Asker: 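Handing you this structure, nothing more for now.
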Amino acid sequence: MIDLKLLQKDFETVSKRLTRKGVSTELLEGLKVKNEELKKAKAAYETLQALQNSMSKEFGVYKREGKEISELKAKVDANKIEIAKALEVQRKKQEELEKIAMSIPNMPDDNVPDGEDEEDNVEIKKVLTPREFSFEPKEHWELATQNGWIDFERGVKLATSRFSVGFGMGARLERALINFMLDFNRKRGFAEVSVPALVNAQALEGTGQLPKFEDDLYKTQDGLYLIPTAEVPVTNLYQDEILKESELPIKMTAYTSCFRKEAGAAGRDTRGIIRQHQFHKVELVSITKPQDSDKVFDEMVACASDLLTALELPHRLVTLCTGDLGFSAAKTIDLEVWLPGQNTYREISSVSNTRDFQARRAKIRYKNGKKNEFVNTLNGSSLAVGRTMVAIMENFQNEDGTIDIPEALKQYL
RNA sequence: GGAUCUUUGGCUGAGUUGGUCGAAAGCACCGGUCUUGAAAACCGGCGAGGGUAACACCUCCCUGGGUUCGAAUCCCAGAGGGUCCA
C-alpha cells in the first residue's frame with residue numbers, strides 16, 4: 001500500500017520513484033487530491049459528530065434534572081440528518097481513494113535498474129560452470145517420460161492441462177528435495193512452519209495479490225482462495241500484530257503446494273512441468289526492522305543460491321529491472337538455473353524485499369521504543385521444487401537417458 | 001445438521017435496569033526509588049487508528065446491519081469458540 005502521508009508530504013519523490021514503475025503522475029495527483037478531499041470530508045463529519053455527542057450528553061443531564069427536552073430534541077434530530085449526509089460523503093471518498101491506492105505498486109529501490117521487461121534484467125554473477133555434454137542433451141519432459149518419473153497424460157485426465165503425476169523416483173525425488181531444502185533452511189536460521197493452503201481475502205490483500213490479481217487465483221465456493229505461494233499465509237501470520245523489537249527478525253521457512261491459474265500465460269511452457277497449475281515450493285519469509293532488511297535480504301539470496309550450489313546446479317543471479325519487478329516488491333533478485341536441454345537459464349527462485357509495502361497493507365508493526373512502526377517483509381522461494389527436478393534431470397542426464405542423483409540428495413532417498 | 005451458552009485492551013477478567021466506559025482489577029511490560037548487582041517492596045507510565053505544532057476532537061469492546069437524542073450494554077444476521085443432542 002502506498003504511503004499516503006509520504007505522498008502528501010513529498011509528492012516529488014514518490015512520483016519520481018513510481019514513474020519508474022509506469023505509474024502516471026496524473027494518477028498520483030488525482031490520488032493526492034482525493035486524499036485531501038477525504039480529509040476535509042472527515043473533518044466535516046467529525047465536527048458534526050462531536051456536536052451530536054455533546055448534545056446527547058446534555059440530553060442525559062436534562063432528563064436527570066427533569067428539564068423540558070423538546071427543543072433540544074429538535075436540534076439533535078436535525079443534526080442527525082446532517083451527520084448521515086456527511087458520513088455518506090466520507091464513505092464514498094474513502095472508497096474511491098482505496099480503489100486507487102490499493103492498485104498502485106510498490107516504489108522500486110533507487111538502485112533497481114530501469115527497463116522494460118526481462119530482457120533488461122541485470123546479471124550479477126554466475127555460480128558454477130555448466131558441464132560440457134558429449135551428446136545432445138534432452139529436455140526434461142523427454143527424460144521424465146523415458147524414466148517413468150512423470151506422467152503428463154494422467155495428470156490431465158485427473159484434472160486438466162498443466163497438471164501431472166509423479167511416479168516412483170519422480171515422486172520420491174520431489175519429497176527428498178522438500179526435506180533437503182527445509183533442513184538446509186533450518187540450519188540457516190529459518191524456523192519451519194506449516195500453514196493452511198486455503199486463505200481468506202484479507203490475507204491476500206495483505207500481501208498484495210488482491211484486489212488486482214484475482215484472475216490468477218483459484219477461489220472456493222465459500223470465499224476462500226488456494227494460495228499461490230506460501231508467502232501469503234506465512235507473511236500474514238503476523239497480520240494486524242504489534243511485534244516486540246526483541247522478536248525481530250523473524251525468519252521462517254515453509255513447504256506448501258501452490259496454485260495458480262496462469263491466466264496470462266496461455267501458450268507459454270505448455271510442455272513439461274515448468275509451469276503447472278499446482279506445484280510444490282519451499283518458501284523463505286522474513287519480518288525485520290527496516291534497517292535490517294537489506295542484510296536479511298542478502299542472507300535469503302545466499303541461502304537459495306547455496307542450496308543450488310549444494311545440489312551442484314549451475315545458476316546465475318539477476319537483478320530484476322523496474323519493468324519486470326512484481327507488484328509488491330521494492331527489489332527482487334531472481335535465481336536462474338541452467339537448463340542444458342533448453343540451452344538457457346530459467347527462473348527457479350525469486351527473492352524480494354517489499355520494504356513496508358505489505359506491512360502497511362497487513363498492518364504488521366513493531367514497537368520501536370514508544371512508537372509503533374511498520375516492519376519490512378521479505379520473501380523468496382527456496383526453491384520451486386518442480387523446477388529443481390527439471391534442473392536435476394537436465395543437468396544430471398547421461399547419454400542413455402538415465403539420470404544421476406546429486407550427492408547431497410542421496411541421504412534423502 | 002438441531003439446542004444452548006459465549007466472544008471485552010498483550011494475557012486473565014469486571015462491566016447486561018442503555019448516558020458519568022475506551023472501559024475496573026490482576027498479570028505482563030517500560031521508567032524511577034532502593035540495592036555492590038539482581039529479586040522483593042514502593043512510586044509512576046502503559047490499547048490502537050485518524051487528527052493537531054501540541055491540545056481539542058473523531059473512530060474502534062468479533063463482523064455487518066438496526067433501534068435510540070445516546071449502545072460494550074437492546075434487536076437481527078453472520079463468523080469464531082464451548083457444552084449437550086444427533
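This structure is a prediction, so every number in the text was calculated from the model and none was measured. In what follows, chains carry the letters A, B, and so on, assigned in the order in which the sequence lines appear, proteins first and then strands, with residues in each chain numbered from 1.
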Asker: Would you indicate what A:Lys42 reaches in the nucleic acid, counting non-hydrogen atoms under 4.0 angstrom: base, sugar-phosphate, or nothing?
Answerer: sugar-phosphate
Asker: Please state the P separation for the pair B:rG10 and B:rC46 - nearest whole angstrom.
Answerer: 15 Å
Asker: Taking only the C1' atom of each, what is the distance from B:rG31 to B:rU67 in whole angstrom?
Answerer: 47 Å
Asker: Identify, residue by residue, the members of residues 70-83 of chain A with a heavy atom below 4.0 Å from RNA chain B, and return them in order of residue number, or none.
Answerer: A:Lys73, A:Val76, A:Asp77, A:Lys80
Asker: Quick test of your reading: applying salt bridge (Lys or Arg N to Asp or Glu O under 4.0 Å), list the pairs with at least one residue in residues 161-175 of chain A, sequence neighbours left out, ordered by first then second residue.
Answerer: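 Residue pairs passing salt bridge (Lys or Arg N to Asp or Glu O under 4.0 Å), neighbours aside: none found.
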Asker: Sub-3.5 Å donor-acceptor pair from the side chain of A:Thr235 to the main-chain atoms of A:Glu231, do we have one?
Answerer: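 It does hold such a pair.
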Asker: Give the C-alpha distance, both sets of side-chain angles, the deciding distance and a yes or no for salt bridge (Lys or Arg N to Asp or Glu O under 4.0 Å) between A:Asp183 and A:Lys187.
Answerer: CA-CA 6 Å; A:Asp183 284 346; A:Lys187 284 174 201 152; 5.7 Å; no
Asker: If you assign A:Gly60 and A:Tyr45 each to the RNA chain B nucleotide with the nearest heavy atom, which residue ends up on the more 5' nucleotide?
Answerer: A:Gly60
Asker: Between B:rG15 and B:rA24, how many Å separate the two P atoms, rounded to a whole number?
Answerer: 14 Å
Asker: Ignoring hydrogens and angles, tell me if any N or O in the side chain of A:Gln276 forms a donor-acceptor pair with the backbone of A:Ile273 under 3.5 Å.
Answerer: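 Absent.
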Asker: Where each residue is assigned the nucleotide of RNA chain B containing its nearest heavy atom, which of A:Lys367 and A:Gln49 is assigned the position nearer the 5′ end?
Answerer: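 Closest to the 5' end, via its nearest nucleotide, is A:Lys367.
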Asker: Could you list where the contact with chain A starts and ends along RNA chain B, reading 5' to 3', using a 4.0 Å heavy-atom cut-off?
Answerer: B:rG19 to B:rG70
Asker: Can you tell me, in whole Å, how much space there is between the C1' of B:rU73 and that of B:rG66?
Answerer: 15 Å
Asker: If B:rC84 has a Watson-Crick or G-U wobble mate with both distances under 3.5 Å, name it; if not, just say none.
Answerer: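 Pairing partner: B:rG2.
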Asker: Quantified in whole Å, what is the C1' atom distance between nucleotide B:rA79 and nucleotide B:rG64?
Answerer: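 Going atom to atom, C1' in each nucleotide, I get 10 Å.
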Asker: Counting only Watson-Crick pairs (N1-N3 plus N6-O4 or O6-N4) and G-U wobbles (N1-O2, O6-N3), all under 3.5 Å, who is the partner of B:rG31?
Answerer: B:rC43
Asker: When you compare B:rA71 with B:rU16, how far apart are their C1' atoms, in angstrom units rounded to a whole number?
Answerer: 11 Å
Asker: Under 3.5 Å, is there a donor-acceptor pair between the A:Arg355 and A:Ser293 side chains?
Answerer: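 There is such a pair between these side chains.
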Asker: Keeping the roles fixed (side chain from A:Asn372, backbone from A:Lys367), state whether a donor-acceptor pair exists under 3.5 Å.
Answerer: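 Here the side-chain-to-backbone pair does not exist.
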Asker: Which pairs with one or both residues in residues 309-322 of chain A pass salt bridge (Lys or Arg N to Asp or Glu O under 4.0 Å), sequence neighbours excluded?
Answerer: A:Glu123-A:Arg316, A:Arg316-A:Glu336
Asker: Give none if B:rA79 has no partner; otherwise give the nucleotide forming a Watson-Crick or G-U wobble pair with it, both distances under 3.5 Å.
Answerer: B:rU7
Asker: Which pairs with one or both residues in residues 280-291 of chain A pass salt bridge (Lys or Arg N to Asp or Glu O under 4.0 Å), sequence neighbours excluded?
Answerer: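 Only A:Glu245-A:Lys289, A:Lys281-A:Glu283 qualify under salt bridge (Lys or Arg N to Asp or Glu O under 4.0 Å).
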Asker: Taking ring-ring contact (aromatic ring centres under 6.0 Å, His included) as the definition, give me every residue that meets it alongside A:Phe357, ordered by chain and number, with sequence neighbours left out.
Answerer: A:Phe327
Asker: How far does the P atom of B:rA23 sit from the matching atom of B:rC61, given to the nearest Å?
Answerer: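 After rounding to an integer number of Å, I get 13 Å for this pair.
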Asker: For the side chain to side chain donor-acceptor pair (under 3.5 Å) test, which of A:Asp3, A:Asn106, A:Thr354, A:Thr377 pairs with A:Arg360?
Answerer: A:Asp3
Asker: For A:Glu58, answer base if it contacts any base atom (sugar-phosphate contacts may also be present), sugar-phosphate if it contacts only those atoms, and nothing otherwise; contact means non-hydrogen atoms under 4.0 Å.
Answerer: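 Contact class for A:Glu58: none.
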Asker: Taking atom C1' in both B:rG18 and B:rC74, what distance in whole Å separates the two?
Answerer: 8 Å
